[in-house]
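FYI, the numbering just counts along the sequence from 1.
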Amino acid sequence: SLGVLLQANGEPARAIGELELAVRYEPTYVQARLLLANMLLRRGRFDLAREQFVAVIGVDPRIAEARFGDAVSLAGLARFKDARDRLVEGRRLHPDHVEFVALLSRLYAAAPDAQVRDGNLAVTLATELTARQDSAVARETLAMALAEAGRYEEAVTTERDAIANAERAGQRELASQMTPNLRLFE
């Protein structure tokens with residue numbers, strides 16, 4: 001579709017308009033809806049992105065990306081309990097998609113809503129995450145979970161390890177973004 005070409009050409013505003021037209025005339029055009037939803041999500045238009053993700057789920061409930069995007073949209077709308085519930089459901093339906101485990105762990109570790117946070121559950125999920133995907137981001141997720149569980153010394157050690165891992169991988173920007181968390185845990 002023209003929307004896909006405009007997006008690839010670096011014209012997101014025009015692409016969004018074309019994709020909106022495409023899904024209006026072809027409501028079951030899943031690929032266009034997903035692209036539109038993700039573009040809206042990146043622009044912080046969580047309400048509109050969520051509408052598109054929910055529409056995709058209505059057409060094909062097996063699409064993990066739509067369920068994940070719905071949860072991210074809900075978190076962006078500060079609907080943390082709903083986001084948690086969608087992530088739990090997504091993890092159950094798509095156990096092979098590690099992104100549900102990653103975001104759910106971070107939500108349990110750092111949600112602004114204290115009723116959603118659960119440090120022990122965050123640690124359990126983050127431990128599963130690091131076993132499945134050993135990366136700097138996974139290690140940082142574990143550090144956040146450990147801190148929420150009150151295990152600050154382990155959190156500091158794990159965050160330092162995450163930063164070192166990012167630096168070894170040449171991800172200097174990521175390493176510098178992690179440093180404020182280290183200061184919080186110390």
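Here A175 pairs with I163, A166, E167 under the side-chain contact (heavy atoms from CB on, under 4.5 Å) rule; sequence neighbours left out. Partners of T157 according to the side chain to side chain donor-acceptor pair (under 3.5 Å) rule, which considers only residues two or more places apart in sequence or in another chain, do not exist here. Partners of L184 under the side-chain contact (heavy atoms from CB on, under 4.5 Å) rule, at least two apart in sequence or in another chain, are N181. Scored by the side chain to side chain donor-acceptor pair (under 3.5 Å) test, D118 finds no partners at all (sequence neighbours excluded). Partners of A78 by side-chain contact (heavy atoms from CB on, under 4.5 Å), not counting sequence neighbours, listed by chain and number: F80. A search for side-chain contact (heavy atoms from CB on, under 4.5 Å) contacts involving A147 returns Y152, A155, F185, not counting sequence neighbours. Every side chain to side chain donor-acceptor pair (under 3.5 Å) that D82 has, sequence neighbours left out, goes to R79.
Summarising the geometry of R43 relative to A13, their closest heavy-atom pair is NH1-N, 4.2 Å, with the distance given to 0.1 Å. Taking every heavy atom of both residues into account, V101 and L125 meet most closely at CG1-O, 3.4 Å. Between P27 and V59, the shortest heavy-atom contact is O-CG2, 4.1 Å.
Taking OH of Y108 as the start and CG of L87 as the end, the distance is 8.5 Å to the nearest 0.5 Å. If you take CE on M178 and CZ on R183, they are separated by 14.0 Å, rounding to the nearest 0.5 Å. Interatomic distance, I57 CD1 to D70 CG, rounded to the nearest 0.5 Å: 4.5 Å. Interatomic distance, L40 CG to F46 CZ, rounded to the nearest 0.5 Å: 11.0 Å. Here L34 contributes atom CG and M39 contributes atom CE; the two are 13.0 Å apart, rounded to the nearest 0.5 Å. Between T158 atom OG1 and R151 atom CZ the span is 8.5 Å, to the nearest 0.5 Å.
Under 4.0 Å is where a charged nitrogen must lie from a carboxylate oxygen, and between R139 and D134 at least one such pair does.
In terms of modelled atom types and a separation under 3.5 Å, the side chain of R117 and the main chain of A111 share a donor-acceptor contact. A side-chain donor-acceptor contact under 3.5 Å links S105 to the backbone of A122. Using modelled atom types, no side-chain atom of N165 and backbone atom of D161 make a donor-acceptor pair closer than 3.5 Å. Looking only at distances, a side-chain donor or acceptor of R67 sits under 3.5 Å from a matching main-chain atom of P61.
Heavy atoms from other residues, nucleotides or ligands lying under 6.0 Å from CZ of R45 number 12 at most.
Under the 4.5 Å side-chain heavy-atom criterion for grouping Ile, Leu, Val, Met, Phe, Trp and Tyr, M144 is connected to L174 within one hydrophobic cluster. At a threshold of 4.5 Å between side-chain heavy atoms, the hydrophobic network of Ile, Leu, Val, Met, Phe, Trp and Tyr places L107 and L129 in one connected group. I63 and L41 fall within the same hydrophobic cluster, where Ile, Leu, Val, Met, Phe, Trp and Tyr residues are linked whenever their side-chain heavy atoms come under 4.5 Å apart, directly or through other members.
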For this session: Could you please spell out the steps behind the side chain to side chain donor-acceptor pair (under 3.5 Å) verdict for N120 and E148?
Result: CA-CA 8 Å; N120 293 326; E148 179 59 27; over 6 Å; no
Exercise. So E89 and R84, salt bridge (charged side-chain N to carboxylate O under 4.0 Å, His left out) or not? Walk me through it.
Worked result: CA-CA 9 Å; E89 178 183 36; R84 175 203 56 208; over 6 Å; no
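Taking Ile, Leu, Val, Met, Phe, Trp and Tyr as hydrophobic and joining them when side-chain heavy atoms fall under 4.5 Å apart, one finds L142 in a cluster with V123, L146. When hydrophobic side chains of Ile, Leu, Val, Met, Phe, Trp and Tyr are connected at separations under 4.5 Å, L21 ends up clustered with Y25.
Judged as a salt bridge (charged side-chain N to carboxylate O under 4.0 Å, His left out), the pairs with a partner in residues 94-108 (not counting sequence neighbours) are, in order, R106-E140. Sorted by first and then second residue, the pairs that involve residues 123-132 and meet side chain to side chain donor-acceptor pair (under 3.5 Å), not counting sequence neighbours, are R91-E128, E128-R132. Applying the salt bridge (charged side-chain N to carboxylate O under 4.0 Å, His left out) test to every pair with at least one member in residues 51-60, sequence neighbours left out, gives these pairs: D60-R62.
Considering E26, Q52, E20 in turn, Q52 is the only one that fulfils the side-chain hydrogen bond (donor to acceptor under 3.5 Å, both in side chains) rule with R33.
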